[in-house]
Amino acid sequence: MTLGVPQYWALLLALLLLSVMALALIFMLRRVAPEQPGPAVWMRALGLVLLGMSVAGLTTLQTGWLWRIVYVAGSGTLILGIGMLAEGLRRFRGGPSRMRRLMAGVLAAAAVSLVLEMMSQPLYSLLWMSAVAGLTWLGVGVTAWRGMRPGFRAIHVGIALSAAVLTTGWWLRGSFLAQAGPSGWRQALPEANAWLLILSFVGSGTMALLLVLLVNFRLAERLRAQAVRDPLTGALNRRGFEDRSSRLMALSAQLGQSVTVLVLDIDHFKSVNDQHGHHVGDLVLKALSALAHRAKRETDLFARLGGEEFCLVLPGTDVPGARVFAERLRHSFETLEIDTGRSFLRCTMSIGVAYASAPMLQDQRVDLVDLLHQADEALYEAKRAGRNRLRFYASAEVLSSRLDSRLFASTGGHSGFGASRQTWADSAAGRR
Ligand SMILES: Nc1nc2c(ncn2[C@@H]2O[C@H](COP(=O)(O)OP(=O)(O)OP(=O)(O)O)[C@@H](O)[C@H]2O)c(=O)[nH]1
């Protein structure tokens with residue numbers, strides 16, 4: 001295939017325009033998502049590719065020492081830019097930087113090319129740099145392939161394939177020049193470059209689009225995750241809680257599991273804020289969240305309902321099980337020493353518990369809203385009774401649950417149990 005001069009320049013111009021557009025898009029992404037490390041590296045990479053491509057392209061056929069050195073420097077810059085695209089992908093997925101290794105590789109490649117130039121072998125220098133450029137694109141493809149993760153597979157495969165197209169372009173160019181040999185490579189250069197340009201146009205256009213999509217999807221994923229989480233504690237916020245808890249309740253009913261709901265509220269939290277400052281209040285909230293996150297099972301839900309009030313939904317947990325869990329959590333928080341930076345602070349919390357058996361859920365005699373109200377009522381009672389304790393909402397199911405003395409005995413001697421035994425006795429006697 002041969003291209004006329006106008007088509008050749010049109011193709012080159014189109015490729016340059018495409019690169020500038022990709023640069024502008026990535027620049028915009030960088031502004032939208034400054035915390036993402038990938039786009040910043042890609043921007044620099046594309047800048048280097050454009051610079052290197054222009055310098056090397058304009059000096060390929062030049063003779064004279066100075067021009068040859070400029071050509072090698074241009075090719076090296078181009079290869080560095082390509083390698084930095086892989087570096088951006090690595091940083092984007094949180095991997096370690098390989099900049100030093102890349103720099104060393106580019107310097108070594110440029111040194112070999114320079115030696116070939118000094119031996120008056122410009123063709124071999126050209127072939128060498130084409131081979132290295134193709135190999136570097138291959139490295140970009142391998143990095144994209146390795147970074148694959150669920151939900152983003154198609155994009156990673158696309159980037160790897162685009163890199164393969166670019167590798168093909170460079171190696172095809174090299175093979176055309178090699179076939180032409182030392183006497184004919186100058187004449188074969190336009191055709192060889194035409195192949196490179198066409199494949200570069202396809203490969204880099206697709207890759208730029210996919211890189212932009214990758215960052216956009218990642219952003220969308222982050223925003224979706226943030227929309228359902230409380231930023232201070234990492235617990236689910238009300239929206240996330242409502243969404244997941246309704247699914248959890250439906251699933252529990254389907255599986256014939258009971259559900260327990262715990263509402264936790266830090267005692268005298270206002271005075272913590274007043275005495276130690278809001279930032280210490282925040283530390284206390286975080287400490288409680290960390291405890292709850294550690295204590296809960298994978299299937300349990302933990303949410304911040306607002307202020308210093310949290311909620312736990314425990315599927316497949318009966319009354320004695322919930323009691324042991326809640327008491328352990330209450331006790332852990334009571335004994336936790338929270339480092340405020342100046343001193344260690346201790347806080348307590350009160351817990352209200354509501355329970356629904358599997359038949360209650362299946363017959364739709366109770367739903368999550370009812371359970372939250374019941375747990376709130378029980379919480380109010382726990383506060384009224386002096387705080388730092390649990391209270392069960394005395395529904396018929398709770399009252400008929402057998403929590404016999406063996407349970408207390410099995411956890412015997414635990415300092416927090418006095419209050420809880422009282423709590424249970426209160427609830428069981430219907431004296432809420
Ligand atoms: N530090 C901090 N404080 C918060 C946050 N959200 C709500 N608060 C504070 O939590 C306090 C809640 O106070 P109250 O509802 O009176 O409850 P309390 O002082 O814990 O009293 P009891 O619950 O009856 O033991 C208020 O002072 C709110 O300003 C937050 O995100 N961070």
### Message
Checking side chain to side chain contact (heavy atoms under 4.5 Å, CB included) between Ile266 and each of Thr348, Leu285, Val272, which is the one that passes?
### Response
Leu285
### Query
For the side chain of Arg304 and the backbone of Gly307, is there at least one donor-acceptor N/O pair under 3.5 Å apart?
yes
### Task
Check the surroundings of atom CZ in Arg30: do more than 12 heavy atoms from other residues, nucleotides or ligands lie under 6.0 Å from it?
no
### Summary
Shortest non-hydrogen pair, Gln187 vs Pro190, comes out as O-CD, 3.2 Å
#### Entry: Check: Gly234 main-chain N/O paired with Arg229 side-chain donor or acceptor under 3.5 Å
yes
### Query
Is the backbone N or O of Val132 less than 3.5 Å from a side-chain atom of Thr136, with the two atoms forming a donor-acceptor pair by type?
yes
#### Entry: Charged tip of Arg328 within 45° of Phe325 ring normal and under 6.0 Å
no
### side chain to side chain contact (heavy atoms under 4.5 Å, CB included) partner of Val313, chosen from Val259, Thr260, Asp300
Val259
### Inter-residue atom distance Ile338.CD1 - Phe344.CZ, 0.5 Å rounding
11.0 Å
#### Entry: Side-chain donor/acceptor of Arg297 to backbone N/O of Pro315, under 3.5 Å
yes
### Query
For the residue pair Tyr393 and Tyr355, is the inter-centroid distance of their aromatic rings smaller than 6.0 Å?
no
### Query
Do you know which two heavy atoms are closest between Val49 and Gly81, and how far apart they sit?
CG2-C, 3.6 Å
### Task
Kindly assign one of parallel, tilted or perpendicular to the pair Phe92 and Trp42, based on the angle between their ring planes and the thresholds 30° and 60°.
tilted
### Query
Can you find a side-chain donor-acceptor pair between Asp318 and Ser258 that sits under 3.5 Å?
no
### Query
Between Arg173 and Ser130, does any side-chain donor sit less than 3.5 Å from a side-chain acceptor?
yes
### Task
May I ask you to decide if the ring planes of Phe310 and Phe302 are parallel, tilted or perpendicular, using 30° and 60° as cut-offs?
parallel
